[in-house]
Amino acid sequence: MTDKTSAPKSSVTRRTTLLGMGAATGAGILSSVSPGFVRYSHAQTSAPIKLGFECHRTGIGASYGRWYERVARAAVKIINEEGGINGRPVELIVEDDGTDPKRGAEVVEKFATQHKVDAVFGTLFSHVVVAAAPRAGELKMPYLVVSEGTHVSSGSLNRYCFQPGITDVRSQVTSVAPWITKNLGKKVTMIFPDYAFGYDHRDNLPPAIKAQGGEVVEMIAVPPTETSFTRYLPRIPADTDVLYHIMVGPAVLTFVTELGQFYGSQRPQIFGFIDSVEAVDLSTPQLGFLDGTYFWEGMPRYAQKDQSEWDKFYRTAVGVNQNGASTADPKDIATYAHMYGVWETLFTIKQAMQTAGYNGPQDKAKFIEALEAIETFEEGRDHPQGNKIFNGKNHQVYGHQNISKVEGGRMDVVHRTSIEDGMYEVTADYTKMSL
């Protein structure tokens, strides 16, 4: 990275941050630029670079979609205040896919044929990604997802699909498995959603636990639209040391409530993926049962004691307070553990397009090759979650993971993994596919 705003934390001052952002006449970090202030005359064309944001505005992913869109608009605002990409303004075009696979493919088609965007980004739910990615490949449309699924990293998609802003499930569970078996226990029962994202956990956690001398003793798949879980809980073996849960959808409060009723005070250790309570207020009475349990977080919801300058800046830019809620409404809880991936993806698009000298659709191949040539991201304003390694062969980024403990209605990080903890042998190589 050559952007001064991505310098190491130790070199940051308010002055250098402002200068690196290209802020106008020393104005505040997030000040609005008056109309006509930014000049695009040095670009070959003043036409905007169009980025299609495939958003889960409705459906089971709506809480994520709402925050993903807020992050996207905040990042695009900064990019445009600094002169856009290659001297051209960025235009954000949003389409709702309803968190539905069929509509996801249709949205990609609409972006390509009607809106004629330069790239599509932002898709989260795995079943939508898996359905839409093939169409993106057929249309030769760069498709940058913020999903966590292993579909990109496994090589099962195509050369136009990337995941540069957030780590995949395989990397995540490989990172946290040693801590789980060392600190919580070796006999693990899994409860996971019965669709692609859940299958990533089903397929990758057991070998990661086994590598640490443990065993997954039961795997319980639950439809993501389920509204009651009482018929599933009796399947948890009595000798379970650790209950590993990854739930999504509208009934997470019901899940935790029924889990508490099932176990009472006699429960195993519990380790969850934050997806189970994303956008949910931990002070909700039903969640009292979670006190003393642990969660994986990509980016900690609650500002930590060692909070970085980049996290402070990012929270302000996207309108999130120190407790992970909207600054406008403390009851509106952010999907903070995931949504940073949208921010980082947009700045990655900017970096690759600048490297490629991108001027239009005729340069899409150069854009793809520029993405594949990226090797590292340094922690900074553009990558506030932390430094990362990018593998240009399987189009996947690798970074740090956080394990947090629930205590007193908040979560605090008790362990942060290294990038190396989540590395695994890469067999996919998209660069061998034609453009």
Side-chain angles (χ1 to χ4, degrees), residues 1 49-55 68 71-72 75 85 90 104-105 107-108 111-112 117-126 128-172 196 200 298 338-356 358 361 363-377 382-383 385 388-399 422 426-435:
M1 296 285 287
I49 287 177
K50 295 181 179 181
L51 297 181
F53 174 38
E54 185 179 339
C55 182
Y68 271 34
V71 172
I85 297 176
V90 173
V107 164
V108 170
F111 277 137
V117 302
D118 295 277
V120 177
F121 75 98
T123 323
L124 168 62
F125 273 62
S126 297
V128 182
V129 171
V130 171
R135 190 64 186 127
E138 292 166 356
L139 293 165
K140 298 186 183 300
M141 174 61 66
Y143 191 59
L144 295 88
V145 303
V146 188
S147 172
E148 298 178 284
T150 60
H151 26 266
V152 175
S153 59
S154 68
S156 62
L157 300 183
N158 57 72
R159 194 169 181 181
Y160 286 86
C161 300
F162 291 79
Q163 191 156 250
I166 194 167
T167 54
D168 68 323
V169 169
R170 183 177 178 184
S171 179
Q172 292 164 1
D200 285 339
H338 294 82
M339 67 192 203
Y340 72 89
V342 175
W343 179 279
E344 298 200 11
T345 296
L346 278 163
F347 282 102
T348 299
I349 289 173
K350 174 185 176 183
Q351 175 186 344
M353 283 188 169
Q354 290 181 163
T355 300
Y358 186 88
D363 293 328
K364 282 184 178 178
K366 293 180 181 179
F367 173 51
I368 296 297
E369 291 171 342
L371 283 168
E372 292 172 340
I374 295 172
E375 296 181 348
T376 61
F377 296 115
D382 297 356
H383 300 278
Q385 192 266 354
K388 298 176 180 66
I389 293 173
F390 184 74
N391 191 307
K393 290 186 176 181
N394 73 341
H395 292 186
Q396 178 63 55
V397 77
Y398 299 86
V426 172
T427 57
D429 189 353
Y430 289 114
T431 64
K432 293 181 179 179
M433 296 182 179
S434 65
L435 286 166

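Throughout, numbering of the chain's residues begins at 1 and tracks the sequence.
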Heavy-atom side-chain contact between [X] and [Y] under 4.5 Å:
X: V108; Y: T123; value: no
X: V397; Y: F162; value: no
X: V342; Y: F121; value: yes
X: L157; Y: H395; value: no

My understanding is that only residues two or more places apart in sequence, or in another chain, count here; which of them pass side-chain hydrogen bond (donor to acceptor under 3.5 Å, both in side chains) with [X]?
X: D118; answer: Y358
X: Q396; answer: Q163
X: S156; answer: S154
X: Y398; answer: N394, Y424

Where do [X] and [Y] come nearest, in terms of heavy atoms and distance?
X: A133; Y: C161; value: CB-SG, 3.6 Å
X: G122; Y: Y68; value: O-CD2, 3.5 Å
X: F390; Y: L371; value: CE2-O, 3.3 Å
X: G399; Y: K388; value: CA-CG, 4.0 Å
X: F347; Y: A75; value: CE1-CB, 4.0 Å
X: L435; Y: Y160; value: O-OH, 2.7 Å

Under the rule for side-chain contact (heavy atoms from CB on, under 4.5 Å), what residues qualify as partners of [X], not counting sequence neighbours?
X: A356; result: K366, A370
X: E138; result: R135
X: A112; result: L139, M141
X: K393; result: N391, D429

### Summary
By ring-ring contact (aromatic ring centres under 6.0 Å, His included), Y143 pairs with (sequence neighbours left out) none

#### Entry: side chain to side chain contact (heavy atoms under 4.5 Å, CB included) between V90 and K350, worked out
CA-CA 10 Å; V90 173; K350 174 185 176 183; over 6 Å; no

### Task
Kindly say whether G298 contributes a backbone atom to a donor-acceptor pair with the side chain of Q385 at under 3.5 angstrom?
yes

Under 3.5 Å, which donor-acceptor pairs do the side chains of residues 144-152 form with other protein atoms, sequence neighbours left out?
{"unit_1": "S147", "atom_1": "OG", "unit_2": "L124", "atom_2": "O", "d": "2.6"}
{"unit_1": "S147", "atom_1": "OG", "unit_2": "H151", "atom_2": "NE2", "d": "3.2"}
{"unit_1": "E148", "atom_1": "OE1", "unit_2": "H338", "atom_2": "NE2", "d": "2.8"}
{"unit_1": "E148", "atom_1": "OE2", "unit_2": "Q172", "atom_2": "NE2", "d": "3.0"}
{"unit_1": "E148", "atom_1": "OE2", "unit_2": "H338", "atom_2": "NE2", "d": "3.4"}
{"unit_1": "T150", "atom_1": "OG1", "unit_2": "D200", "atom_2": "OD1", "d": "2.6"}

### salt bridge (charged side-chain N to carboxylate O under 4.0 Å, His left out) partners for E369, two or more places apart
none

### Message
The criterion is salt bridge (charged side-chain N to carboxylate O under 4.0 Å, His left out); which residues satisfy it with R159, sequence neighbours excluded?
### Response
E372

## Note on the structure
Rounding to 0.5 Å, atoms OG1 (T345) and OH (Y340) come to a distance of 9.5 Å

